[in-house]
Structures are given as C-alpha cells and as structure tokens.
**Q** 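So that we are looking at the same thing, I have put the structure below in structure tokens.
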Protein chains: 2
Amino acid sequence: MSADETPDQSVPDEVHEELMAATYRALCAHGYADLTMQRIADEAGKSKSLLHYHYGTKQELLVAFLGYLFDRFEARVAATEGDAPETRLRVLLDKMVPGADDDRDYDRFGLALNELRTQAPYVEAYREQIARNEAVIRRRLADIIREGVEKGDFREVDADRTASLLFAALDGARLQRVAVTDPSGTETASQSAFDAPTEVRAALDEFVVENLVREGGDE
Amino acid sequence: MSADETPDQSVPDEVHEELMAATYRALCAHGYADLTMQRIADEAGKSKSLLHYHYGTKQELLVAFLGYLFDRFEARVAATEGDAPETRLRVLLDKMVPGADDDRDYDRFGLALNELRTQAPYVEAYREQIARNEAVIRRRLADIIREGVEKGDFREVDADRTASLLFAALDGARLQRVAVTDPSGTETASQSAFDAPTEVRAALDEFVVENLVREGGDE
DNA sequence: AGTGGCTGACTGACTAGTCAGTTAGTGAGT
DNA sequence: ACTCACTAACTGACTAGTCAGTCAGCCACT
C-alpha cells in the first residue's frame with residue numbers, strides 16, 4: 001500500500017505506523033537537532049537496534065518519515081475538494097498556519113520540521129522529498145486560484161505567482177512565530193503581544209484575498 | 001575564570017574581527033549543523049583553545065557573532081536614510097532578498113543563518129539576540145511605510161501589519177529558495193527554472209507595493 | 001529447527017570544553 | 001642595559017561524553 005518510499009525492506013504496516021508516530025513525538029519533545037535514534041526508540045518503547053533493522057540509517061528513517069507526513073497532509077487537503085474556491089483557499093491557508101486554538105504541540109512539531117528542512121540543502125534525500133511535497137502543495141494552491149479565476153470568483157491574476165506569495169508569506173510567518181516563541185511558555189523580550197502569523201494572515205486577507213475576490217455575488 | 005560574559009569588550013578588536021570573519025567563512029563552508037569550534041579555528045588559522053579563551057563557550061561565540069552581523073546590517077541600512085519612502089522600501093526589500101547577481105556565498109550563508117535561527121526556540125541566548133535584530137528590521141520597514149503614508153506617497157494602511165507581511169513573505173521566499181537550491185550547484189528535481197524569491201518579489205510588487213503607492217485619486 | 005523480529009552490549013568517530021604550560025610583550029627597579 | 005615580575009595571547013594534549021551504526025545471539029512462532 002503506502003509503504004512506498006521504503007523500497008527493499010518491507011516494514012510491517014503496524015510497526016511502521018508505530019515508529020513513525022514515535023518519530024513525530026520525539027521530534028516534538030526534543031526538536032530535530034537533538035533527535036537521536038535512542039530517543040525515537042524510547043518514544044516507541046522499542047530498542048534503537050530495531051530502527052536500524054527496519055530503516056537502515058537515521059537518514060533513511062527520516063526520509064520515510066517525510067513521506068509519511070506527506071501522505072497525511074494530502075489526505076487532509078483532499079477532504080476539501082468540491083467546495084467553493086474562496087472557501088477552499090481560506091481553509092487551506094488556515095490549515096497551513098494553525099491558530100492558537102489548534103493542536104498544542106503542532107507548534108513544537110512545525111518547529112522541528114523547520115529544522116529538518118534547513119538540512120535539505122545538505123542532504124539530498126531530504127531535499128528531494130521536501131521539494132516534491134512542497135511543489136504539490138503549491139500546485140494545489142495555484143489550482144484553487146486558477147479555478148477561482150475561471151469561475152469568475154477571483155480577479156484575473158497569475159495563479160502560480162499568487163500561490164507563491166501566499167505560500168512564502170505563510171511559511172515566513174510560521175517561521176517567525178516559531179523563532180520568537182519560547183516553547184517553554186515564557187514570554188520573551190520586549191516585542192510581545194505580537195503574533196506574526198496572525199498579523200500576516202490579516203495582511204494577506206487585506207491585500208490578497210479581498211483583492212482577489214470579485215465584488216458582488218457572495219454569501 | 002578568565003572568559004567573561006562581555007565578549008565584545010574583552011576581545012581585542014583586531015582578533016574579534018578576525019574570528020568573526022572566520023566564523024562567517026566556516027558557516028558558509030560547513031553550515032550550522034556541521035559547524036565545530038575546530039572548523040572555525042581552522043578557518044582563522046588559530047587554535048580551538050583560543051576561541052574558548054576569548055568567548056568561553058561555543059554558544060557565547062555564536063551570540064557574539066549574531067551581534068556582529070546585526071551591527072553590519074544596521075550600518076548598511078542606515079546608508080539609505082534621506083531617500084524617498086518608495087525608493088527606500090524597494091531598496092530595503094532588494095537588500096533582504098539578494099538576487100542571483102549578488103554575492104555568490106550569500107546564499108550559503110543565508111542558509112546557515114536559517115539553520116541557526118531554527119535553534120532559537122531551544123537556545124534562549126540565540127532567541128534574544130535574533131528577536132532583537134528582527135524587531136529592529138521590522139520597525140525600520142514600518143517606519144518607512146509610515147513615513148510614506150504621512151507624506152501621502154502611500155495609501156493609508158496599517159504600517160506595522162504591512163511591514164509584517166513584507167518581512168514574512170521575504171523571509172519565506174528566502175527559506176524556500178534555500179531549501180530547494182542545491183548548494184553544490186546541481187539543479188534538483190523536476191520543479192526547476194522557478195525561483196521563489198523572484199516570484200515572490202514580483203507578487204509583492206503587484207499586490208502590495210503597487211497597491212500602496214498612490215496614483216492620483218482612487219480608493 | 002529454522003526464520004523473522006528484535007535486543008543488549010559494544011565500537012569507532014567525533015565533539016565541547018579543560019588545563020598545564022609556552023611565548024611575547026610591558027614596565028619597574030637597579 | 002639588564003634582569004625580574006607580571007600578564008595577555010595562545011597552544012597541544014587530554015578528558016569526558018555523545019552518537020550512529022554493528023553484531024552475536026535470544027525468543028516466539030510455524
């Protein structure tokens with residue numbers, strides 16, 4: 001089935017799921033820089049050797065993990081198919097920058113994922129996997145915008161370019177929140193009471209979404 | 001106990017400059033994850049012990065380095081003072097996302113700096129320094145926009161919010177370019193011939209800057 | 001009785017940080 | 001001018017610790 005990215009070794013689905021979930025938890029708990037095979041093993045309640053047994057190297061395990069994440073994201077996004085472009089756009093944007101109401105440790109995870117991503121330029125296997133994932137997401141954004149333009153809901157804009165802006169801005173916003181936010185909960189520095197993702201979402205709505213949507217005929 | 005908490009004062013200017021430059025080069029060459037005291041020392045042609053002698057720990061050395069970077073950026077930005085808001089805005093944006101024509105290893109450095117930044121949530125000393133730096137940059141953006149609004153060059157927008165969007169978008173763009181770009185020069189994956197920063201700059205010009213600049217009466 | 005899933009003990013490579021000691025320079029007393 | 005005392009800059013060798021990856025063998029099946 002979806003045990004696609006691990007070519008030779010057929011990891012039993014049940015074990016695979018368990019180890020991927022353990023990797024997720026370990027990333028949330030320790031971040032990528034302090035992620036060790038031992039910590040993942042501890043999180044799974046299994047031995048470190050088992051990880052090597054199933055995935056070979058740490059790098060291969062993490063590539064498998066990226067594939068696992070991608071599958072999950074795709075599944076979530078596919079659920080919105082069929083809705084109106086504007087709705088789908090807003091939902092997708094919300095999905096990419098979870099508000100404070102969302103999953104508590106999503107922040108910690110997004111943080112760790114960003115760490116992992118910064119390693120992409122140095123690790124070809126990461127780079128491939130990540131580039132593939134992001135290209136698909138960006139394409140989805142562009143498709144939604146294109147659909148909106150065709151249906152007449154949106155102004156005639158360059159869909160790819162607009163998608164790039166949205167993607168980049170949200171990405172940057174997430175990065176900023178994450179960089180300034182202390183995961184232990186304490187508020188830091190002088191510039192508090194300022195939430196980058198919220199600000200950016202508001203600005204995007206003002207400049208892009210509102211600007212995109214044609215006057216008249218909604219709701 | 002010789003190594004004190006105040007590196008900038010205790011380290012002789014000449015040596016400080018040399019070691020900071022060596023740190024810069026070491027970051028370009030190896031990235032943050034593979035940055036070791038030995039590599040910095042090698043780059044400086046000095047011993048590893050010297051780094052510890054002057055800065056105490058690796059963390060303190062890197063905090064000093066962030067301060068060094070910040071000073072340099074401030075100096076560069078201050079040079080544009082006095083120009084028209086629109087010009088200053090465009091120049092500053094260009095400065096934040098260097099085109100392909102710019103410094104060759106700026107890409108590699110920006111990459112390493114992103115790595116370092118992702119460690120901010122885990123290292124309070126980094127977080128403080130980085131938050132301080134970014135707050136000042138964002139404030140500069142906002143000031144320029146505010147000035148533009150006051151002079152009547154720009155539409156009446158929320159300066160802080162707009163600055164946040166610009167900052168976040170450019171940040172995300174830089175991150176994306178960097179994540180997909182292979183530092184060794186080889187083109188990767190299918191999605192080539194697409195430069196995120198360029199796309200985003202274009203989109204920002206379309207949605208924000210053009211939108212910002214007054215062209216006679218509208219609204 | 002043999003195979004796949006799994007483990008504990010181990011290794012080799014590597015790293016931040018320490019420490020005793022060297023070198024070069026400065027200034028004071030004679 | 002020549003020691004002597006002191007100090008800052010600097011180094012090589014070392015410690016203590018971490019980590020990915022290996023390997024011989026255990027256990028539960030069939």
**Q** Mind checking what makes salt bridge (charged side-chain N to carboxylate O under 4.0 Å, His left out) contact with Lys46(A), not counting sequence neighbours?
**A** Glu18(A)

**Q** Less than 4.0 Å between a side-chain N and a carboxylate O, is that true for Arg146(A) and Asp160(A)?
**A**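 Judged by the 4.0 Å cut-off on N to carboxylate O distance, Asp160(A) and Arg146(A) do form a salt bridge.
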
**Q** Take atom NZ of Lys46(B) and atom P of dT23(C), then tell me their distance rounded to the nearest Å.
**A** 17 Å

**Q** Looking at Asp143(A) and Arg140(A), does any basic side-chain N land under 4.0 Å from a carboxylate oxygen?
**A** no

**Q** Indicate whether OP1 or OP2 belonging to dC10(D) is found under 4.0 Å from a side-chain N or O atom of His54(B).
**A**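 True: His54(B) side-chain N/O within range (under 4.0 Å) of dC10(D) OP1/OP2.
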
**Q** Rounded to the nearest angstrom, tell me the gap between atom CG in Leu50(A) and atom P in dA9(C).
**A** 17 Å

**Q** Roughly how many Å is it from CD in Glu14(B) to P in dC10(D), rounded to a whole number?
**A**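 Between P of dC10(D) and CD of Glu14(B): 9 Å.
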
**Q** In residues 25-35 of chain A, what donor-acceptor pairs under 3.5 Å come from side-chain atoms, sequence neighbours left out?
**A**
{"unit_1": "Arg25(A)", "atom_1": "NH2", "unit_2": "Glu43(A)", "atom_2": "O", "d": "2.9"}
{"unit_1": "Tyr32(A)", "atom_1": "OH", "unit_2": "Tyr126(A)", "atom_2": "OH", "d": "3.3"}

**Q** Please give the stem ranges for DNA chain C, sorted by first residue number, where a stem is three or more consecutive Watson-Crick or G-U pairs and both donor-acceptor distances are under 3.5 Å.
**A** C:1-30 with D:1-30

**Q** Rounded to whole angstroms, how far apart are CG on Leu51(B) and P on dA9(D)?
**A**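 Rounded to whole Å, this separation is 14 Å.
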
**Q** Just to verify, what does Arg39(B) make a side-chain hydrogen bond (donor to acceptor under 3.5 Å, both in side chains) with, not counting sequence neighbours?
**A**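 Listed in chain order: nothing, the list is empty.
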
**Q** Looking at CD1 of Ile130(B) and OG1 of Thr118(B), how far apart are the two atoms once the value is rounded to the nearest 0.5 Å?
**A**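 Rounded to the nearest 0.5 Å, the CD1-OG1 separation comes to 8.5 Å.
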
**Q** Tell me whether the side-chain N/O atoms of Tyr53(B) come closer than 4.0 Å to OP1 or OP2 in dC10(D).
**A**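 Looking at the OP1 and OP2 atoms of dC10(D), neither is under 4.0 Å from any side-chain N or O of Tyr53(B).
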
**Q** Between the protein and nucleotides 14-21 of chain C, list every N/O to N/O distance that falls short of 3.5 Å.
**A**
{"unit_1": "dA16(C)", "atom_1": "OP1", "unit_2": "Lys58(B)", "atom_2": "NZ", "d": "3.0"}
{"unit_1": "dA16(C)", "atom_1": "OP2", "unit_2": "Met37(B)", "atom_2": "N", "d": "3.3"}
{"unit_1": "dG17(C)", "atom_1": "OP2", "unit_2": "Lys58(B)", "atom_2": "N", "d": "2.7"}
{"unit_1": "dG17(C)", "atom_1": "N7", "unit_2": "Lys48(B)", "atom_2": "NZ", "d": "2.7"}
{"unit_1": "dG17(C)", "atom_1": "O6", "unit_2": "Lys48(B)", "atom_2": "NZ", "d": "2.5"}

**Q** Ser49(A): what forms a side-chain hydrogen bond (donor to acceptor under 3.5 Å, both in side chains) with it, not counting sequence neighbours?
**A** none

**Q** Which residue in the set Glu134(B), Glu128(B), Gln129(B) passes side chain to side chain donor-acceptor pair (under 3.5 Å) when paired with Arg132(B)?
**A** Gln129(B)

